[in-house]
Each structure stands twice: as structure tokens, then as C-alpha cells.
Amino acid sequence: MCGRFTLRTPTETIAAMFDGLRIPQLTPRYNICPTQPVLCVRQSRTGENEAVNLRWGLVPFWAKELKIGASLINARSETAETKPSFRAAFKSRRCLVLADGFYEWKLEGKQKQPYYVSRRDDQPFCLAGLWESWTDKSVPSSNSIETCTILTTDANSLMLPLHDRMPVILPKLHLDLWLDKDFSEIEPLKKLLVPWVTDDLRVYPVDKSVNKPVNDSPSCIEPMSGNASLF
DNA sequence: CCAGACGTTGTT
DNA sequence: GTCTGG
DNA sequence: CCAGACGTTGTT
DNA sequence: GTCTGG
């Protein structure tokens, strides 16, 4: 779940969400895939928020190969704080992954139909994430690579027809606590990782062109032709 | 002690 | 790096 | 998440 | 079927 998402909001709008935080220039993205750079906000060493692009798919610092990250694009919020791959990041390397919609595939007969989930007002939102830094020790003097993963939780009633899990969307009220690298009390943090229950999301089927990672255009989020929203 | 795993998803 | 299994 | 590859040799 | 790449 949550293996593809979008970020098509103008750079200035994202910056405004974080009180004018400096954001790397964005180009609209309609089909963000694992292993690609994704826009994240985290707390810097000095305690200020910073926006950075991180490779999607967390690679634990002890991993031997980068490709391990391809299977760690999501982390279960119920267990992340104890899993060897995630627990260190959960304590002190939490981040937000910026998105304004995500895709889910539903098995319909033999076909997998993609659906797009976004806010009715098309505003962006923050997904709860973890980040990690990894260095390839098999290649002397190689640079470190920073990677991230998106936390998941139970699906809400809107998503349940598609899937039993959904990404954790954090409300503005909780962003600061989630980002605080010096706060490491597990239970208060876990209480933030719950399904988004407000009714401001919409879901509709889209064309299968989103299936191919190479397709990255507004057509990915166009409602499927001849079929009004089912939700 | 050393060796080997360490994750999620969906599907069966 | 750290835990589990042998 | 889905799509696409999945192998070796020798030669250019 | 399973792994890699995007």
C-alpha cells in the first residue's frame, strides 16, 4: 500500500505550510515511485526544520546493499519502534513526506484497478516518515545516501473497500512533536500514528497509465473516462 | 561461540 | 548494529 | 506500487 | 516464480 503518490502543489504553497521554509524547487509529480527522490521535512542538527529530497525506500545503516530499500518503502506503525530496520530511525530520525495524493490498487476480477486518493480541496498533506543515512562500505570513499520510508496504519472507512492499510497522515497540530528529534518517548509518538478519520478525502478510479513508472503526467490523476467517482 | 536475519505488500 | 537460532 | 527481466561467451 | 528497477 502507498507505493505511488503525487506532489503537484506549487513550491510556494508547500513553503507557506511551514512558515516560509526554504524548499528545493519542485516540478509537478504525478507518479512518484519507490527509489525516486521525495520531498521531506525533518529537523536539522541545530533543531530547525529543513526540507530535503530523500530516496524513497529506507536502507538501514547496517545494510550491505542499497537495493534492500526497495522493499522498505513502508513501515508498520504498530511495530516500527521495535523492528531492527526501523527502531533507530523511529527514536531520532522522524520526518514528514510531502504529498497531495496517493494511489491504491484494488483487485477487480483478474484486473488491478488503480484509484487515486486526495483531499477534496486538493491541498497537500504530511505523511509520517522515518529517514536513515547509509554508506556503501564496499566502495571506498563513497558518499552517504539518505533514504526514507512511509508509516502505515489501519485503513479508514473510505479506504477499506480498496485496502486494509493506509499511510499515516499527520494533522498540523502534531507535526512539531513528530519532528522533534530530542523526543523519544515511544507511546506518545505512537498515539499520533492513527487513521485519518475526517471526511475531507475523495477516492476515484484512474487510468492504468499510472501503472508504468515512466508515465508522469496530469493524465495519471484524471478520473477514469466514462466513470464518475464511486465514492 | 558464530551465522544469519533484519521488511512490507499481496496472494496462496 | 543487534538479536535470534543453532 | 507495477513492469520487466530473468544468461554466458566472445568479439567489436 | 522471483528479483530488480523506476
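Just the heavy atoms: all of them, side chains too, but no hydrogens, waters or symmetry mates, feed the values below. Source: prediction; values computed, not measured. Chain naming here is simple, since letters A, B, ... match the order of the sequence lines and numbering starts at 1 in each.
- Around atom NZ of A:Lys64, no more than 12 heavy atoms belonging to other residues, nucleotides or ligands sit under 6.0 Å away.
- Under the rule for a ring pair (Phe, Tyr, Trp, His ring centres under 6.0 Å), A:Tyr30 has no partner lying at least two apart in sequence or in another chain.
- Think of the region where chain A sits on DNA chain D: with heavy atoms and a 4.0 Å cut, that region ends 5' and 3' at D:dC1 to D:dG4.
- Panel note: side chain A:Ser92, backbone A:Lys181; no donor-acceptor pair is recorded below 3.5 Å.
- No donor-acceptor pair closer than 3.5 Å links the side chain of A:Thr152 to the backbone N or O of A:Pro167.
- Contacts between residues 141-153 of chain A and DNA chain B, counted as heavy-atom distances below 4.0 Å, involve A:Thr152.
- The backbone N or O of A:Glu48 lies less than 3.5 Å from a partner atom in the side chain of A:Ser44, making a donor-acceptor pair.
- A:Ala75 comes within contact range of the sugar-phosphate backbone alone, with a heavy-atom separation under 4.0 Å but no base atom that close.
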Dot-bracket pairing map - DNA chain D, Watson-Crick plus G-U, both contacts under 3.5 Å, | cross-strand: ||||||......
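- Within 4.0 Å (heavy atoms only), A:Thr82 reaches no atom of the nucleic acid at all.
- In this model, no donor atom of one side chain and acceptor atom of the other lie less than 3.5 Å apart for A:Thr147 and A:Arg55.
- Rounding to the nearest 0.5 Å places CZ of A:Arg8 at 12.5 Å from OG of A:Ser217.
- For A:Asp199, the CG atom counts as loosely surrounded, since its 6.0 Å shell holds 12 or fewer non-hydrogen atoms of other residues, nucleotides or ligands.
- Salt-bridge formation is not detected for the pair A:Lys191/A:Glu185: no Lys NZ or Arg NE/NH1/NH2 atom is positioned less than 4.0 Å from an Asp or Glu carboxylate oxygen.
- Near DNA chain B, defined here as any heavy-atom distance below 4.0 Å, there are no residues from residues 209-220 of chain A.
- Relative ring orientation between A:Tyr116 and A:Tyr103 is described as tilted, the plane-to-plane angle lying within the 30° to 60° band.
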Under 4.0 Å protein heavy-atom contact, by nucleotide of nucleotides 1-6 of chain C - B base, S sugar-phosphate only: BSS---
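- Nucleotides B:dC6 and D:dA3 have their P atoms positioned 28 Å apart, rounded to a whole Å.
- Annotation for A:Lys208: atom NZ counts as buried by contact number, over 12 foreign heavy atoms lying within 6.0 Å.
- No side-chain N or O of A:Gln43 forms a donor-acceptor pair with one of A:Arg94 less than 3.5 Å apart.
- E:dG5 and D:dT8 are spaced 22 Å apart, taking the C1' atom of each and rounding to whole Å.
- One P atom belongs to B:dC2, the other to D:dG10, and the distance between them is 42 Å to the nearest Å.
- Crowding of A:Asn143 atom CG: a count of heavy atoms from other residues, nucleotides or ligands under 6.0 Å not exceeding 12.
- Across all strands shown, A:Ile73 has heavy atoms under 4.0 Å from base atoms, whether or not it also approaches the sugar-phosphate.
- Annotation: B:dG7 and E:dC3 have their C1' atoms spaced 15 Å apart (nearest Å).
- Ion pair A:Asp100/A:Arg119 not flagged as a salt bridge, since none of the NZ, NE, NH1 or NH2 atoms sits closer than 4.0 Å to an Asp/Glu carboxylate oxygen.
- Remark: the separation of the P atoms in E:dT2 and B:dT12 is 13 Å, to the nearest Å.
- Geometric assessment of A:Arg42 against the ring of A:Trp131 yields a positive cation-pi assignment under the 6.0 Å and 45° thresholds.
- In this structure, A:Thr35 reaches the bases: a heavy-atom distance under 4.0 Å links it to at least one base atom across the strands shown.
- In this structure a side-chain-to-backbone donor-acceptor pair under 3.5 Å is present from A:Arg4 to A:Asn211.
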